[in-house]
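Beneath this line is the structure, given in structure tokens, with notes to follow.
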Amino acid sequence: MAISNEYLQSVFDGLKQRNANEPEFLQAVEEVLESLVPVIEARPELQKAGIIERIVEPERIVMFRVPWVDDQGRVQVNRGYRVQFNSAIGPYKGGLRLHPSVNLSILKFLGFEQIFKNSLTTLPIGGGKGGSDFDPKGKSDNEIMRFCQSFMTELCRHIGPDTDVPAGDIGVGAREIGFMFGQYKRLTNEFTGVLTGKAIPSGGSLARKEATGYGLCYFADEMLKDCGKSFQGKKVVISGSGNVAIYACQKATQLGAKVIAVSDSNGYIRDDNGIDYRTLQEIKEVKRDRIKTYVNYVPSAVYTEGCRGIWTIPCDIALPCATQNELDEQSAEALVKNGVIAVAEGANMPSTPGAIACFQKNGVLFGPAKAANAGGVATSALEMCQNSARLSWSFDDVDEKLHGIMKTIYRNASEAAKKYGVEGNLVAGANIAGFEKVADAMLWQGISY
Ligand code: NDP
Ligand code: 2IT
């Protein structure tokens, strides 16, 4: 489908030519450019300043060799990346992903999305993303440490507390951040807030671990409330069982819903009595085990092989919290047929364009990732504040700020949609609201980047 503005389509055509083998990146850009049609038409100064041509090109990408030695004494080599996409409103900020599927297309899509997400948080952070095709599954703690130290030995030249502040994403939690932080500190002889998602005794923020999942539910709650609905008594299906999924499960339960299914890349568990998030936490955070072992703790739960089948379970609210393009049009049709009323994205770009169109056509409330999952990075920015000020706030303080930020993001996305004539379309609203702040900062800074 063509973008309904000739200029935007021509920028996109050029991008497609230059990046023909980057499907995820092109998918993320196309959605944003389509949303920006009314903005470009209302604001000719943006075209004149080449804002679109500039915003789709990363400011800098570093790619590097990451050699490490496994427990058998063999030398292993992975590829490391950092995509520094946009620094118009603050230092580059965004997670590091460790997964065998990682490549430039995936990191560029994630870095591009991060620009607008970070802008939506209302806090001063630019957009970036990084990671490696290293597979943490089945590795010992020592192997993980040696990899993280080698990765940071190169990355440390490119980041800094006022330059670029990485954090976690798939495959990167407090353990990996700790190994990287230790190495950064040793190499630079500085104790600074150069990474977020740190453990609490090393300058981490209370509630950062919970923030993406909690923020997702706060956002979904705003969306529901706007239509006179709530989580109370609703059946919720959550894909994934990692950091985002665990705390979405906890918060949805606290808000009165029943979470009836969660998954990993092998399969899903279902329990109509409700999933116990403490057991989830124990399996994933402490034992680092697979989701199928849940049935050993809770006999009423049933495990099914294959992760896509989770979307065929009848539910009121669906929260995809695993990975990109995990929810396709066919899955969306199944959810709609089973009466889903709201979908909010905890993962980045989990719904395919066909799935989003299906939800929108059928009047399903839809909270797009860059708005709905922004609570994680927002709380990372709160961690940066605490590190700079050399103090730490209480859990309740941070949680209250997070809640306020998610309400603001919902309001700003809704209002931007209304202002540009697409009321109720939060995909367009989030893209527009996130874009305008970055575009205005770029205009003000001249043709610097
Ligand atoms: P984790 O590594 O903690 O968990 C990832 C979960 O997703 C696991 O259950 C994993 O299953 C599953 N998963 C990963 N890749 C695939 C795949 N290719 N197919 C099916 N399932 C998969 O990561 P997070 O919870 O931190 O991240 C989940 C999503 O949320 C990602 O899209 C991430 O970008 C996004 N996000 C994360 C934020 C954060 O603060 N951590 C903030 C905002 C967004 P398995 O164990 O089998 O691999
Ligand atoms: O996708 C994301 O927003 C994250 N992985 C969190 C990034 C961060 O810097 O906290």
Side-chain angles (χ1 to χ4, degrees), residues 24 90-102 106-107 109-118 120-121 123 125-131 135-138 159 164-177 193-198 204-205 207-216 219 238-249 262-269 280-281 283-285 288-292 306-308 310 319-327 345-351 369-384:
E24 292 87 358
Y92 309 107
K93 180 89 197 81
L96 296 170
R97 178 176 291 192
L98 297 183
H99 194 274
S101 63
V102 162
I106 288 175
L107 294 181
F109 116 65
L110 289 163
F112 183 72
E113 293 277 289
Q114 201 82 42
I115 305 170
F116 309 102
K117 180 196 308 195
N118 292 4
L120 283 169
T121 66
L123 300 166
I125 39 178
K129 202 83 186 191
D135 186 359
K137 281 201 192 88
I159 62 175
D164 183 354
V165 183
D169 192 77
I170 291 176
V172 177
R175 174 181 60 170
E176 292 73 22
I177 293 292
V194 68
L195 293 159
T196 59
K198 298 184 291 297
S205 175
R208 172 61 188 90
K209 184 172 76 169
E210 292 81 358
T212 313
Y214 279 21
L216 173 67
F219 186 91
I238 301 179
S239 65
S241 50
N243 172 262
V244 180
I246 294 169
Y247 294 97
C249 178
V262 294
S263 62
D264 62 21
S265 60
N266 295 119
Y268 63 90
I269 49 153
L280 250 190
Q281 250 179 330
I283 293 171
K284 302 306 295 186
E285 290 183 357
R288 296 183 180 276
D289 215 337
R290 307 303 297 160
I291 201 60
K292 69 175 170 207
C307 51
R308 296 220 174 206
I310 195 169
L319 304 175
C321 294
T323 195
Q324 66 275 356
N325 293 325
E326 55 162 311
L327 199 170
E345 298 184 316
N348 286 305
M349 205 169 77
S351 314
K370 52 175 89 62
N373 75 29
V377 74
T379 307
S380 278
L382 299 178
E383 184 172 330
M384 290 165 71

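Indexing begins at 1, ligand by ligand and atom by atom, following the structure's order.
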For the residue pair [X] and [Y], what are the closest heavy atoms and their distance?
| X | Y | value |
| --- | --- | --- |
| I125 | A381 | CD1-CB, 4.0 Å |
| Y214 | Y247 | CD1-O, 3.5 Å |
| K137 | S265 | NZ-OG, 4.3 Å |
| G346 | C321 | CA-SG, 3.9 Å |
| I238 | A245 | CG2-CB, 3.8 Å |

In ligand 1, which numbered atoms sit nearer than 4.0 Å to a non-hydrogen atom of [X]?
| X | result |
| --- | --- |
| R290 | 45 (P), 46 (O), 47 (O) |
| S241 | 9 (O) |
| S265 | 11 (O), 19 (N), 20 (C), 21 (N), 22 (C), 45 (P), 47 (O), 48 (O) |
| G171 | 2 (O) |
| G240 | 9 (O) |
| K137 | 45 (P), 46 (O), 47 (O), 48 (O) |
| G346 | 30 (O), 35 (C), 36 (N), 44 (C) |
| T323 | 15 (N), 16 (C), 17 (C), 18 (N), 19 (N), 32 (O) |

For ligand 1, is any non-hydrogen atom under 4.0 Å from [X]'s backbone (N, CA, C, O), its side chain (CB onward), both, or neither?
| X | result |
| --- | --- |
| R208 | side chain |
| T212 | side chain |
| H99 | side chain |

Do the side chains of [Y] and [X] get nearer than 4.5 Å, heavy atoms only?
| X | Y | value |
| --- | --- | --- |
| S241 | L280 | yes |
| N266 | I291 | no |
| V262 | K284 | no |
| Y92 | K129 | no |
| V244 | N373 | no |
| K198 | S380 | no |

Check for a donor-acceptor pair, side chain of [X] on one end and backbone N or O of [Y] on the other, with a separation under 3.5 Å.
| X | Y | result |
| --- | --- | --- |
| D264 | R290 | no |
| R208 | G376 | yes |
| K93 | V165 | yes |
| E113 | L110 | no |
| T212 | G375 | no |
| N243 | K209 | yes |

Handout entry: Sub-3.5 Å N/O-N/O distance, G168 and ligand 2
Key =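 Between G168 and ligand 2, an N or O pair is found under 3.5 Å apart.
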Practice task
Could you tell me whether Q114 and ligand 2 have an N or O pair separated by under 3.5 Å?
Solution key: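 For ligand 2, there is an N or O atom that lies under 3.5 Å from one belonging to Q114.
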Practice task
Run down the list G213, A322, P350 and name the one with the heavy atom closest to atom 7 (O) of ligand 1.
Solution key: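 When every heavy atom of G213, A322, P350 is considered, A322 comes closest to atom 7 (O) of ligand 1.
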Practice task
Name the option, out of C321, A347, G242, that contains the heavy atom nearest to atom 28 (C) of ligand 1.
Solution key: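 Nearest option to atom 28 (C) of ligand 1, by heavy atoms: C321.
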Exercise for the section: Tell me which part of T379 gets within contact of ligand 2: side chain, backbone, both or neither, using heavy atoms under 4.0 Å. Expected result: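 Looking at T379 and ligand 2, no heavy atom falls under 4.0 Å.
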Provide, to 0.1 Å, the distance between [atom] and the closest protein heavy atom, together with that atom's residue and name.
| atom | result |
| --- | --- |
| atom 7 (C) of ligand 2 | G95 N, 3.5 Å |
| atom 14 (C) of ligand 1 | I170 CD1, 4.0 Å |
| atom 9 (O) of ligand 2 | K93 NZ, 2.6 Å |
| atom 2 (C) of ligand 2 | K117 NZ, 3.2 Å |

Using a plain distance cutoff, I'd like to know if [X] has any nitrogen or oxygen under 3.5 Å from a nitrogen or oxygen of ligand 1.
| X | value |
| --- | --- |
| N348 | yes |
| D169 | yes |
| N243 | yes |
| R97 | yes |
| V244 | yes |

Atoms in ligand 2 flagged as close to [X], the criterion being non-hydrogen separation under 4.0 Å:
| X | result |
| --- | --- |
| G94 | 7 (C), 9 (O) |
| S380 | 8 (C), 9 (O), 10 (O) |
| A167 | 8 (C), 9 (O), 10 (O) |

Exercise for the section: State if K129 counts as touching ligand 2 under the rule of any non-hydrogen atom under 4.0 Å. Expected result: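 Right, K129 reaches ligand 2.
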Practice task
Determine whether any heavy atom of R208 lies closer than 4.0 Å to an atom of ligand 2.
Solution key: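 R208: in contact with ligand 2 (<4.0 Å).
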Practice task
Kindly state if atom 10 (C) of ligand 1 has a protein heavy atom within a strict 4.0 Å cut-off, that is, under 4.0 Å?
Solution key: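 No, there is none.
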Exercise for the section: Find the distance between CG (L327) and CD (E345) and round it off to the nearest 0.5 Å. Expected result: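 Those atoms lie 8.0 Å apart.
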